[in-house]
Trainee: 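This is the structure, below, for whatever I ask next.
A note on names: the letters A, B, ... follow the listed sequences, proteins ahead of strands, and every chain is numbered from 1.
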Amino acid sequence: MPKDSGIGASSKRREDVRFLTGTGQYTDDINIHGQAHVYFLRSDVAHGKINSIDTSAASAMPGVVRIFTGADFEGVGGLPCGWQVTDRFGEVMKEPAHPVLAQGKVRHVGDPICAVVAETLEQARDAAEAIELDITELPAVVDMKKALQAGSAKVHDDLADNLCYDWGFVEENKAAVDEAIKNAAHVTTLELVNNRLVANPMEPRVAVGDYNRANDESTLYTTSQNPHVIRLLMGAFVLGIPEHKLRVVAPDVGGGFGTKIFHYAEEAFCTFAARQINRAVKWTASRSEAFMSDAHGRDHVTKIELALDADNNFTAVRTETYANMGAYLSTFAPSVPTWLHGTLMAGNYRTPLIYVNVKAVFTNTVPVDAYRGAGRPEATFQLERVIDKAARELGVDPIALRRQNFITQFPYATPVAVEYDTGDYEATMAKLEEIADLSGFEARRKASEAKGKLRGLGVNCYIEACGIAPSNLVGQLGARAGLYDAATVRVNATGSISVMVGAHSHGQGHETAFPQVVAEMLGIDESMIDIVHGDSSKIPFGMGTYGSRSIAVCGSAMVRATEKIINKAKKIASHLLEASEADIELKNGQFSVKGTDKSCAWGDVTLAAYVPHNYPLEDIEPGLEETAFYDPANFTYPSGAYACEVEVDPETGKVTVERFSAADDFGNVINPMIVTGQVHGGIGQGIGQALLENCAYDENGQLLSASYMDYAMPRASDVPFYAVDHSCQTPCTHNPLGVKGCGEAGAIGSPPAVVNAVIDALHSGGHTNVTHIDMPVSPSRVWAAMNS
Amino acid sequence: MTKISMTVNGKAVSGEVEGRTLLVDFLRKDLRLTGTHVGCDTSQCGACTVHVDGVAVKSCTMLAAEADGASVSTIEGQAAPDGTLNTIQAAFQEHHGLQCGFCTPGMVMAAADLLKNNPKPTEAEVRHHLEGNICRCTGYHNIVKAIMAASGQDVSQLAAE
Ligand code: FES
Ligand code: FES
């Protein structure tokens, strides 16, 4: 019987009611009395020298309050980078300045130059048109390999070249890896592009800065996944506002997918400008603006080599990747192609020797940073594609080749510095065979062929590192922050509870799932518990939501705080029941004395804590509120096996996803309905990356895909129903809930399955010379591959 | 400025708008009905879908002045006065057809439009009808399922789950 409440129950989401009735409060729904509006005048060239900016005519336009330029930000900090990577040679990465408004040069289409603050947005926009800009266009740096050639134009004049870092991992293994590849019985090589994407949460970014001169307090309302991180970065590094004078609120947020982690110029601007003009300043991105100002994702160019011995055991992996940083370093950009990518190159397999080289490159494009999966999709894609190619070259079954090389003993220390605590890759593969009905594939292929279509099956595995992350470890790796989380459990006098959490929910259903955990621990009804999140003035602290970390890290903090509550409540109960504390049991919201019929209710104890007339005041304080900070001992390692079946129309090259199945191991699951939804969403995005989405620049650095007219978002008719299972559960061994996290799996696991399926379909149609097609696998690319 | 009046969710409203004011801005900014969302500037995403005189319209493509005299309904007018969700809203909650909720008002309004004209749509018809509504969170699975469930069809075997 499925449970109907607590851990493991598919409780219906309580947040849905406000979203379904139009009563959610997203940042753009917030309007502050007397607010002004800002319009950013952005660069329309990829690279240019600013000779002059004349705002005199614009300043005189109706409604204009003030026009800001880069000069107003001299003496103010630039946007900081939160991760410092050290290269192969022990040198720290190059870290160019990232001004709030352009100073001297513009470096990508969309780089903000001026900010026009006016009474209305329309007036601000009209005035921006009257600003006279004199910009000399410079040669744009777009292609990463060309950017590294001697004599290339430079994105940053004060740097020696366009190389941010040249990272090697594990550098000490390089010679052994080279040797293993030289001596291998077989080496499969694959060159591929992991296409540049735009995260595109449906809610565009918004920032509202407010200032109260009477108490010198600033408030920023922003579309963020992590309000405390924004407070830290903006307060400490950009504007110099101490924490107690700066409140950051992220109310209902309409999706994030990574792109709302980062601290953006517009947030700093609105907060800064509100202080300058002593009134609130609001900015709402248009979608076109989002395309040229939200950090982009992926954009790797990779060569991977897989070495096998004569028995088809993997003996080594060597990769060389060029990773686009864009024009500036976004908040966590340097970590994505390195520590979130290189450490995953073992995948689910016993490959003893691995070497990963990554060259991060500056170009005149929008900064690139984490997008759902962040580094792990790039690792999974190349590894699972090269394994498929190897199976084809060797004439062996791709599933059997994977199985033969699976890691089967846990814990398992990979040669790329991480230790998988638990997993059962055979179990998820077996589950996949069942839910995907792989034994029925040949019959379905024949049916497709009878219709004149080519059908292909693609299977792959994935592993990811989630629950980011042990602070002392990430500190050694270059993180400039701790990655713990925090929760306060506030039990009220009547026994109802508010839990203040550092995680932020922007679609993940925390308001429903988190209370399930506390309800289970206390044996009380979920409806007695509410979650408070997204406001730095209300919650203790927190690093926010990304990297599938919310339940694994913040949920663990909540468990620890609830354990403290239980300990104190038992002390109170032992006093009320006149029994020894060791004999008190808490079950179904009742405290009882072991072996007796003496008991008191949860509400009796909570009331006593706040009305302590009969209370052990000499031993314990009144009240019932506890906070815990939780720093994880390790990453968590969700894993799974995915299968995709496609039909290819040999006439047009159009690919249709006919079936998609996912067997995941997330450890323990709090709310299966929500977890299933997370996987669905990730698969939708993964199919989008594989077949549709591409953020394209021309050779002059003009953004070609700057709206939904040119950037193909997956629509309902582009995807099928998905078969999703997470009944294989090897609980995480190092967090109290045994959870691993589920937010990114779908986006990590699905792109290789789709591409593997397309290649399989083409081979079944006799196109056996096609070994790879880069994403997005568009009809024109498929058609060209078939006709090459 | 032009004076306009219309009925919104059954209530008579009026206001003064510039000629260029879009219906979505009139709803959001003048009437403070912020349930209708703006997700794009090219009429592609459908987050702004409302009904004008019973027909689904992207309110970012219509001028407020064009809706003068019309009867408009928005997401705020869908539940019963006591707050009870309508069939489509309830199905979205039951089948987890929303995550961040940003596309949701548009999805619910688009679904209502579909079911009015096609009370028992097939999966393919639902997917086709949602061509102009983008969701980035759900992968559409549970949205399609919720709409079919709202039409009274048994969805327990529909989706391979
Ligand atoms: S806001 Fe109207 S279609 Fe996107
Ligand atoms: S639920 Fe987030 S965009 Fe649809």
Trainee: Any idea which heavy atoms bring B:C100 and A:G255 closest together, and the distance?
Mentor: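 Result for this residue pair: CB-N, 3.3 Å.
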
Trainee: What part of A:V253 gets within 4.5 angstrom of chain B, counting heavy atoms only: side chain, backbone, both, or neither?
Mentor: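 A:V253 touches chain B through backbone heavy atoms alone.
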
Trainee: Could you please spell out the steps behind the side-chain contact (heavy atoms from CB on, under 4.5 Å) verdict for B:H128 and A:R715?
Mentor: CA-CA 9 Å; B:H128 180 72; A:R715 315 257 172 164; over 6 Å; no

Trainee: Please answer whether the main-chain N or O of A:G677 pairs with a side-chain N or O of B:N142 as donor and acceptor at a distance below 3.5 Å.
Mentor: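 No, the answer is negative, given that no donor and acceptor are paired below the 3.5 Å cut-off.
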
Trainee: Once rounded to the nearest 0.5 Å, what's the spacing between atom CG of B:D41 and atom CZ of A:F291?
Mentor: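 Between B:D41 CG and A:F291 CZ, I get 9.0 Å after rounding to 0.5 Å.
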
Trainee: So do the side chains of A:N31 and B:R32 get within less than 4.5 Å of each other, counting heavy atoms only?
Mentor: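 Yes; the side chains approach each other to less than 4.5 Å.
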
Trainee: In terms of heavy-atom proximity below 4.5 Å to chain A, should B:V126 be classed as side chain, backbone, both, or neither?
Mentor: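 Contact with chain A is absent: no heavy atom of B:V126 under 4.5 Å.
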
Trainee: Is any side-chain heavy atom of A:E15 less than 4.5 Å from a side-chain heavy atom of B:Q99?
Mentor: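 Heavy-atom side-chain distance check fails, nothing below 4.5 Å.
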
Trainee: Does any N or O in the side chain of B:Q89 come within less than 3.5 Å of the main-chain N or O of A:L20, such that one atom is a donor and the other an acceptor?
Mentor: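 Such a contact is found between B:Q89 side chain and A:L20 backbone.
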
Trainee: Using a cut-off of under 4.5 Å on heavy-atom pairs, state which of B:T104, B:N133, B:T42 scores highest against chain A.
Mentor: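 Most heavy-atom pairs within the cutoff with chain A belong to B:T42.
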
Trainee: Atom CD of B:E125 and atom OG of A:S717: how far apart are they, to the nearest 0.5 Å?
Mentor: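 OG of A:S717 is found 13.0 Å from CD of B:E125.
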
Trainee: Which bit of B:L98 is near chain A, if near means a heavy-atom gap under 4.5 Å: side chain, backbone, both or neither?
Mentor: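 Both backbone and side chain.
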
Trainee: Distance from B:I134 atom CD1 to A:M713 atom CE, nearest 0.5 Å?
Mentor: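 With rounding to 0.5 Å, CD1 (B:I134) is 5.0 Å from CE (A:M713).
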
Trainee: Please output the residues of residues 681-690 of chain A in contact with chain B, using a heavy-atom cutoff of under 4.5 Å, in numerical order.
Mentor: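 Hits under 4.5 Å: A:G681, A:G684, A:Q685.
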
Trainee: Measuring heavy-atom distances to chain B, does A:Q25 have an atom under 4.5 Å in its side chain, in its backbone, in both, or in neither?
Mentor: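 Neither part, no heavy atoms under 4.5 Å.
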
Trainee: What class does the angle between the rings of A:Y26 and B:H37 fall in, given that below 30° is parallel, 30 to 60° is tilted and above 60° is perpendicular?
Mentor: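 Correct class here is perpendicular.
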
Trainee: What residue, out of A:R13, A:H506, A:K12, has the most heavy-atom pairs lying under 4.5 Å from chain B?
Mentor: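 Max contact count across the listed options: A:R13.
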
Trainee: So, B:Q93 and A:R14: side-chain donor and acceptor under 3.5 Å apart, yes or no?
Mentor: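 A:R14 and B:Q93 do not have a side-chain donor-acceptor pair below 3.5 Å.
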
Trainee: Against chain B, label A:D28 side chain, backbone, both or neither, depending on which of its atoms sit under 4.5 Å from a heavy atom there.
Mentor: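 Both parts, heavy atoms under 4.5 Å.
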
Trainee: Counting heavy-atom pairs under 4.5 Å with chain B, which one of A:D252, A:D126, A:I435 comes out on top?
Mentor: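 Answer, by heavy-atom pair count under 4.5 Å with chain B: A:D126.
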
Trainee: Nearest 0.5 angstrom please: A:H680 NE2 to B:Y140 OH, how far?
Mentor: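 OH of B:Y140 is found 14.5 Å from NE2 of A:H680.
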
Trainee: For B:T138, is it the side chain, the backbone, both or neither that has a heavy atom under 4.5 Å from a heavy atom of chain A?
Mentor: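 Just the backbone, heavy atoms under 4.5 Å.
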
Trainee: Would you say B:L85 and A:T21 make side-chain contact, with heavy atoms under 4.5 Å?
Mentor: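 Yes, close enough: below the 4.5 Å cut-off.
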
Trainee: As an exercise, state the distance from OG1 of A:T23 to CG of B:L33, rounded to the nearest 0.5 Å.
Mentor: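 Reported value, rounded in 0.5 Å steps: 11.5 Å.
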
Trainee: At what distance, to the nearest 0.5 angstrom, does NE2 of B:H96 lie from OG1 of A:T512?
Mentor: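 The distance works out to 9.0 Å.
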
Trainee: Side chain, backbone, both or neither: which part of A:N200 has a heavy atom under 4.5 Å from chain B?
Mentor: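 The answer is both parts of A:N200.
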
Trainee: Less than 4.0 Å between a side-chain N and a carboxylate O, is that true for B:R28 and A:D29?
Mentor: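 Answer for the salt bridge query: yes.
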
Trainee: Are there over 12 heavy-atom neighbours, none belonging to B:K11, within less than 6.0 Å of that residue's NZ?
Mentor: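 Check fails, neighbour count at 12 or below.
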
Trainee: For A:S707, is it the side chain, the backbone, both or neither that has a heavy atom under 4.5 Å from a heavy atom of chain B?
Mentor: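 Only the side chain of A:S707 comes within 4.5 Å of chain B.
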
Trainee: At a heavy-atom separation under 4.5 Å, does A:A199 approach chain B through its side chain, its backbone, both, or neither?
Mentor: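 Contact with chain B involves the backbone of A:A199 alone.
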
Trainee: Name the option with the most non-hydrogen atom pairs under 4.5 Å to chain A; the candidates are B:M107, B:Q78, B:H95, B:E76.
Mentor: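 Most heavy-atom pairs within the cutoff with chain A belong to B:E76.
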
Trainee: Given 3.5 Å as the limit, does a donor-acceptor pair link the side chain of B:R136 with the main chain of A:F257, or not?
Mentor: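 No, because the side chain of B:R136 does not come within donor-acceptor range (under 3.5 Å) of the backbone of A:F257.
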
Trainee: Should the pair B:R127 and A:F721 be classed as cation-pi, given the thresholds of under 6.0 Å to the six-membered ring centre and 45° from the axis?
Mentor: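 Relative to the ring axis of A:F721, which defines the angle, B:R127 lies inside both limits.
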
Trainee: Can you name the residues that form a salt bridge (Lys or Arg N to Asp or Glu O under 4.0 Å) with A:E119, not counting sequence neighbours?
Mentor: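 Listed in chain order: A:R279.
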
Trainee: Side chain from CB out, backbone as N, CA, C, O: work out which of these in A:Q678 comes under 4.5 Å of a heavy atom of chain B, or both, or neither.
Mentor: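 Both parts, heavy atoms under 4.5 Å.
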
Trainee: So what's closer than 4.5 Å to chain A heavy atoms on B:A79: side chain, backbone, both or neither?
Mentor: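 The side chain, not the backbone.
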
Trainee: Contact part of B:E94 toward chain A, heavy-atom cut-off under 4.5 Å: side chain, backbone, both or neither?
Mentor: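 Both parts, heavy atoms under 4.5 Å.
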
Trainee: As an exercise: rank A:G746, A:S10, A:S288, A:G509 by heavy-atom pairs under 4.5 Å with chain B and give me the winner.
Mentor: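 Of the candidates given, the most pairs with chain B belong to A:S288.
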
Trainee: How close do B:C45 and A:M202 get, counting heavy atoms only, and between which atoms?
Mentor: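 The answer is CB-CE, 3.6 Å.
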
Trainee: Which atoms of B:E131 are under 4.5 Å from chain A, going by heavy atoms: the side chain, the backbone, both sets, or neither?
Mentor: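 Contact with chain A involves both backbone and side-chain atoms of B:E131.
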
